[in-house]
Amino acid sequence: HAAGVLVERDTDALGLCQELASSTRTETRLAAARALEHARPSRSVVISDTLSRLASDDHTDVARAALRALAKHPSSPAIAVALQSLHRRDLRGAAVRALADMGVIAGSRIATELKSNQDEAYLAAALTWILGRIASRNGIEALVDALSARHVETRLAAAVALTSLHRRFPGEALPHSRITERHLAEIEFYRTMRRASSAKLTRSPASILLRQALKQRSKASLECLFRLLALQYPEDAIQGAFSGIASTDSRQRQIALELLHTLIDPGIGAALAAAVAPPRHSAPDRHETKRLLPAIAQDKDRFVGGLARAVLVELRLAPTKALGDAMTQSLVNQVLELQALTLFSQSSAEDLAELASLVRAQTYPKNTVLYRQGDTPDACYLVRSGAVAISLDDADIDRLGPGDACGIIAILDQLPREATATTASECSMFVIRAEDLLQLVADRPLLMHTIFRALTYAIREQTARVALEKRK
């Protein structure tokens with residue numbers, strides 16, 4: 001603590017911080033990392049070297065503090081350490097924020113890393129997000145390369161990043177010929193996922209989850225395609241067409257296709273029209289299912305591949321030994337239960353499989369105080385059964401039930417609890433630590449997007465309910 005105070009005012013204290021950074025005590029190394037965050041940039045090289053060593057510390061808190069400080073003292077070694085930290089799950093969120101805060105100085109190195117890891121879904125998603133955030137022109141080529149990645153989440157993240165760059169630098173020339181090459185491939189992927197999601201499967205949890213995962217991938221693929229189209233054609237018109245195509249109203253889809261016919265290349269338009277058209281048969285027959293599922297089971301997308309293998313065994317289209325690393329039944333059930341919660345209703349099954357590994361089931365008796373107004377947020381509570389009373393200044397203001405989440409807002413904005421939560425009956429809950437949730441959403445930007453969408457919807461519902469009560 002003393003070093004932290006000194007280093008802000010006295011550059012001579014930097015030597016003390018360097019010495020403390022080599023301490024065998026975790027608390028001392030952590031204090032040194034925090035102190036160096038406030039050091040003057042006049043000696044950034046020395047500071048960066050010390051922080052780079054601390055960022056490789058085995059203790060997570062020390063490494064995270066060092067990464068946070070490195071963002072203020074960028075250097076070639078600092079960028080290298082932050083990129084390496086992306087491979088550690090417990091540091092990925094801190095590394096993403098550090099690289100994003102370093103800005104365009106890290107752009108070229110991030111782009112190189114993306115080219116080498118575009119088929120590592122989680123890592124590629126983080127790298128594409130950073131490139132979009134820092135708006136580095138050096139990242140355009142790598143992002144266009146990522147449009148050919150095996151995982152649709154990576155392709156969509158790259159398309160989102162390119163959209164961000166295009167909006168910030170509208171005059172920047174994009175390699176439109178290479179982007180156009182991806183249109184037909186994305187349409188074919190969308191068509192395959194859409195067709196496979198309507199296959200006649202069993203009613204088992206694995207089949208339900210596989211169908212949901214395939215539908216989610218088809219939606220992600222369609223969004224990716226339309227984002228690419230918006231890079232070349234009027235964005236407002238393309239967004240309107242996307243809303244129409246995604247609609248369940250056949251008339252809306254037809255209007256959207258007619259609009260696209262006047263805007264985009266006729267060949268692309270015809271292929272898209274065929275892909276979104278109602279199938280001739282209500283669902284693939286057994287022969288087509290037998291052709292579609294094995295291809296998906298062999299795909300490098302491990303999540304969907306594992307589900308497909310489990311379903312193939314259930315349908316007796318593959319021997320039990322073909323299961324390989326198929327998802328366990330308990331994990332499938334837990335993902336389905338998480339998906340039934342309002343907060344995660346729009347999240348992908350793959351994101352929820354990762355979340356399932358972090359939550360713990362807990363039962364609380366009636367009148368248990370989960371947290372109090374003013375507390376530092378340390379966990380989020382997902383209600384499975386029972387009721388939770390939310391109170392402000394000892395007055396009840398809301399009541400939550402099965403499917404609701406409490407404590408999420410304070411975790412996301414990292415501010416003290418604004419209310420008190422008390423169980424109004426015996427409650428069964430899923431509990432996730434604040435640290436784990438923040439790390440997960442840092443790893444998976446699309447999960448954060450779906451959480452914010454669910455929260456926005458909840459706020460709108462609450463506003464409408466309050467307005468209705470006032471009218472009464």
Side-chain angles (χ1 to χ4, degrees), residues 119 121-122 150-154 156 189-222 279 281-361 382 384-385 402-403 428 430 432 440 443-444 446-447 450 454:
D119 285 327
Y122 310 145
R150 288 183 177 274
H151 294 271
V152 66
E153 290 87 355
T154 301
L156 176 55
F189 179 87
Y190 165 76
R191 188 197 67 78
T192 300
M193 292 296 104
R194 181 171 180 251
R195 188 66 176 156
S197 69
S198 63
K200 291 181 178 179
L201 306 177
T202 65
R203 295 180 179 271
S204 70
S207 293
I208 294 170
L209 199 55
L210 176 62
R211 185 178 289 109
Q212 290 178 353
L214 293 173
K215 286 181 178 178
Q216 287 165 344
R217 276 159 176 69
S218 69
K219 290 179 180 178
S221 178
L222 192 64
H281 306 289
S282 58
D285 57 22
R286 185 176 177 83
H287 177 75
E288 188 176 0
T289 299
K290 196 172 181 179
R291 177 180 63 80
L292 288 170
L293 288 187
I296 295 171
Q298 295 302 316
D299 196 273
K300 286 191 175 181
D301 186 332
R302 291 190 294 270
F303 180 80
V304 168
L307 283 173
R309 286 191 291 278
V311 172
L312 281 169
V313 171
E314 290 178 354
L315 295 173
R316 299 183 180 179
L317 295 176
T320 304
K321 64 180 181 180
L323 277 171
D325 58 350
M327 290 179 67
T328 63
Q329 189 67 45
S330 60
L331 179 57
V332 169
N333 290 335
Q334 196 168 6
V335 169
L336 287 173
E337 188 170 0
L338 286 169
Q339 210 162 46
L341 299 171
T342 304
L343 187 64
F344 302 114
S345 60
Q346 301 179 59
S347 303
S348 74
E350 189 168 7
D351 284 345
L352 296 183
E354 189 73 15
L355 177 65
S357 67
L358 300 174
V359 302
R360 73 178 191 276
L382 311 172
R384 304 168 73 191
S385 66
S428 174
F430 281 137
I432 178 170
L440 184 61
D443 287 353
R444 296 169 175 266
L446 292 179
L447 175 61
T450 59

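To the nearest 0.5 Å, atom OG of residue S347 and atom CD of residue E354 are 13.0 Å apart. Here CE of M193 is found 14.0 Å from NZ of K215. Values are rounded to the nearest 0.5 Å. Here OH of Y190 is found 10.0 Å from NZ of K219. Values are rounded to the nearest 0.5 Å. One finds the CG atom of L209 at 9.5 Å from the CG atom of L214 (value rounded to the nearest 0.5 Å). One distance of note links OG1 of T192 with CD1 of I296; it measures 8.0 Å at 0.5 Å rounding.
Taking every heavy atom of both residues into account, F189 and R217 meet most closely at CE2-O, 4.0 Å. Of all the heavy atoms in L343 and A454, the pair that sits closest is O-CB, 3.6 Å. Of all non-hydrogen atoms in A349 and V335, the two that sit nearest each other are O-CG1, 3.8 Å. Contact between S385 and P402 at its shortest, heavy atoms only, is CA-CG, 4.0 Å.
Contacts of R203 classified as side chain to side chain contact (heavy atoms under 4.5 Å, CB included), with partners at least two apart in sequence or in another chain: none. I432 is linked by a side chain to side chain contact (heavy atoms under 4.5 Å, CB included) to L355, L358, V359, C380, D436, L437, counting only residues two or more places apart in sequence or in another chain.
Taking the side chain as every heavy atom from C-beta outward, L382 and L338 approach each other to under 4.5 Å. D351 is not listed as a side-chain neighbour of T450, based on a closest heavy-atom distance of 4.5 Å or more. For the pair Q334/L352, no side-chain contact is recorded, criterion being any heavy-atom separation below 4.5 Å from C-beta on.
Panel note: side chain S221, backbone S218; no donor-acceptor pair is recorded below 3.5 Å.
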Task: Residue pair Q216, V152: steps toward the side chain to side chain contact (heavy atoms under 4.5 Å, CB included) verdict - done: CA-CA 10 Å; Q216 287 165 344; V152 66; over 6 Å; no
TODO: Please assess I208 against Q212 for the test side chain to side chain contact (heavy atoms under 4.5 Å, CB included), listing each intermediate value before the final yes or no.
DONE: CA-CA 6 Å; I208 294 170; Q212 290 178 353; 3.8 Å; yes
